[in-house]
Amino acid sequence: MNSEVEYTVASSVATVTLARPERLNALTSTLLNELADSIEEANQDEAVRVIVLTGKGRGFCAGQDLKTVSPEMDHGDYLKSYYHPVVRALAGSKKPIIAAINGVAAGAGLSLTLACDFRIVQEDAKLSLGFINIGLVPDAGAPYFLPRLIGSAKALELALLGDTITGKQAVEFQLVTKAVAADRFEEEVMDFAQQLAARPTKVIAYIKQLQSASFESTLDDMLAQEIIYQSRAGKTEDHQRAVQAFLEKKPPVFTGR
Ligand SMILES: CC(C)(COP(=O)(O)OP(=O)(O)OC[C@H]1O[C@@H](n2cnc3c(N)ncnc32)[C@H](O)[C@@H]1OP(=O)(O)O)[C@@H](O)C(=O)NCCC(=O)NCCSC(=O)/C=C1/CC=CC=CO1
């Protein structure tokens, strides 16, 4: 039974909600453990085809709960024990994950969204790496994902200046998939999730695995990998039925198998 993360499944979408709204969903060891478990649960559940990660209340996540930080604490050990399992669960998820950033995202709260596949943000949300403002380096995967997502110069700008940008500005930084007005936010997130859920789920996993291998691989490595994954994709029911549907001039219906 979770206490700091809520987990629901409806219409093929698992919604994982950070649930400490009184502290802007600031992260604790309990919350991080529950978050890693929830992502794992969604990945194991065949009824789930898309995962949405969001926050309860007026914000997405204010990063590490600074009330739990003490001089005795080794921040590196803490990262290894509590953050890295979550980063690996998000980045290694076979199912697509949408970070639905429903308000402020700061510190590791923003970092965790970078390990997701899509970021949909409220237009007036405030986003900040913020680590530098308390004398820390960006963590929770941000040093890996941010330069890959927005390029080295912009990543350094956000990390070194620690500035806050709005959801609208985050689109210009190419940090997020799209920014949406607050009153249409939930509807847009669920529409987007349903579009993804109607796609060939197994093949989505293959595409994610292929792409994540790309940056550390040579051309020869990637050509070898595409042989493996296209061979698997070619054997899926979704592919075979979609070809049949095309030949019959019908729209494809993907079941995720
Ligand atoms: C920009 C903010 C996130 C939001 O600002 P605002 O909307 O004006 O809201 P506030 O009034 O500031 O906050 C509302 C209440 O929540 C409390 N709160 C906010 N953030 C935290 C937090 N991180 N920890 C604990 N409590 C928090 C805030 O005190 C208010 O409570 P009261 O109403 O009782 O006063 C802004 O709040 C902000 O900048 N927050 C801090 C952002 C931050 O520095 N986050 C931590 C970065 S470090 C990190 O994420 C990761 C690690 C990893 C490993 C080890 C060690 C450290 O960090």
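It should be emphasised that the depicted structure is a prediction, and the values quoted were computed from it without experimental measurement. Both ligands and their constituent atoms are indexed starting at 1 by order of listing. In this chain, residues are counted from 1 in sequence order.
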For residues [X] and [Y], determine if any side-chain heavy atom of one lies less than 4.5 Å from a side-chain heavy atom of the other.
X	Y	value
Leu175	Thr113	no
Thr8	Glu6	no
Phe118	Leu196	yes
Val13	Thr15	yes

I'd like to know if [atom] has any protein heavy atom within a distance of less than 4.0 Å.
atom	value
atom 45 (N) of ligand 1	yes
atom 36 (C) of ligand 1	no
atom 40 (N) of ligand 1	no
atom 31 (O) of ligand 1	yes
atom 12 (O) of ligand 1	no
atom 7 (O) of ligand 1	yes
atom 54 (C) of ligand 1	yes

Using distance alone, determine whether [X] and ligand 1 share an N or O pair under 3.5 Å.
X	result
Asp139	no
Gln64	yes
Met73	no

Does only the side chain of [X] get under 4.0 Å from ligand 1, or the backbone, or both, or neither? Count heavy atoms.
X	answer
Asp65	both
Leu136	side chain
Lys80	neither
Leu66	both

Using a strict cut-off of less than 4.0 Å between a Lys/Arg side-chain nitrogen and an Asp/Glu carboxylate oxygen, indicate whether Glu237 and Lys202 qualify as a salt bridge.
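Looking at Glu237 and Lys202, the cut-off is not met.
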
Hey, is Lys208 close enough to Asp117 for a salt bridge, meaning N to O under 4.0 Å?
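Looking at Lys208 and Asp117, the cut-off is met.
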
Under 4.0 Å from any heavy atom of [X], which atoms of ligand 1 are there?
X	result
Val104	1 (C), 3 (C)
Leu24	4 (C), 9 (O), 13 (O), 14 (C)
Ile134	44 (O), 47 (C), 48 (S)
Phe131	48 (S), 49 (C), 50 (O), 51 (C)
Gly63	50 (O)

Could Arg148 and Phe215 be counted as a cation-pi pair, given that NZ or CZ must be under 6.0 Å from the ring centre and within 45° of the axis?
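Because its charged atom sits under 6.0 Å from the ring centre and within 45° of the axis, Arg148 does stack over Phe215.
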
More than 12 heavy atoms from other groups under 6.0 Å of CZ on Arg199:
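No, because the 6.0 Å sphere around CZ of Arg199 holds 12 heavy atoms or fewer from other groups.
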
Strictly by modelled atom types, are [X] and [Y] linked by a side-chain donor-acceptor pair under 3.5 Å?
X	Y	result
Thr28	Asp65	no
Thr218	Asp221	yes
Thr166	Glu123	no
Gln44	Glu40	yes

Which residue and non-hydrogen atom of the protein lie closest to atom 29 (O) of ligand 1, and at what distance in Å?
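Answer, as residue, atom name and distance: Arg23 NH1, 4.4 Å.
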
Contact with ligand 1 for Lys126, non-hydrogen, under 4.0 angstrom
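In this structure, Lys126 fails to qualify as a contact of ligand 1 - no heavy atom is under 4.0 Å.
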
Candidate with minimal heavy-atom separation from atom 42 (C) of ligand 1, of Pro138, Ala62, Gly130, Gly107:
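Looking at heavy atoms only, the winner is Ala62.
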
Might you point out which heavy atoms bring Ala42 and Val48 nearest each other, and give the distance in Å?
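So the minimum-distance heavy-atom pair works out to O-CB, 3.6 Å.
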
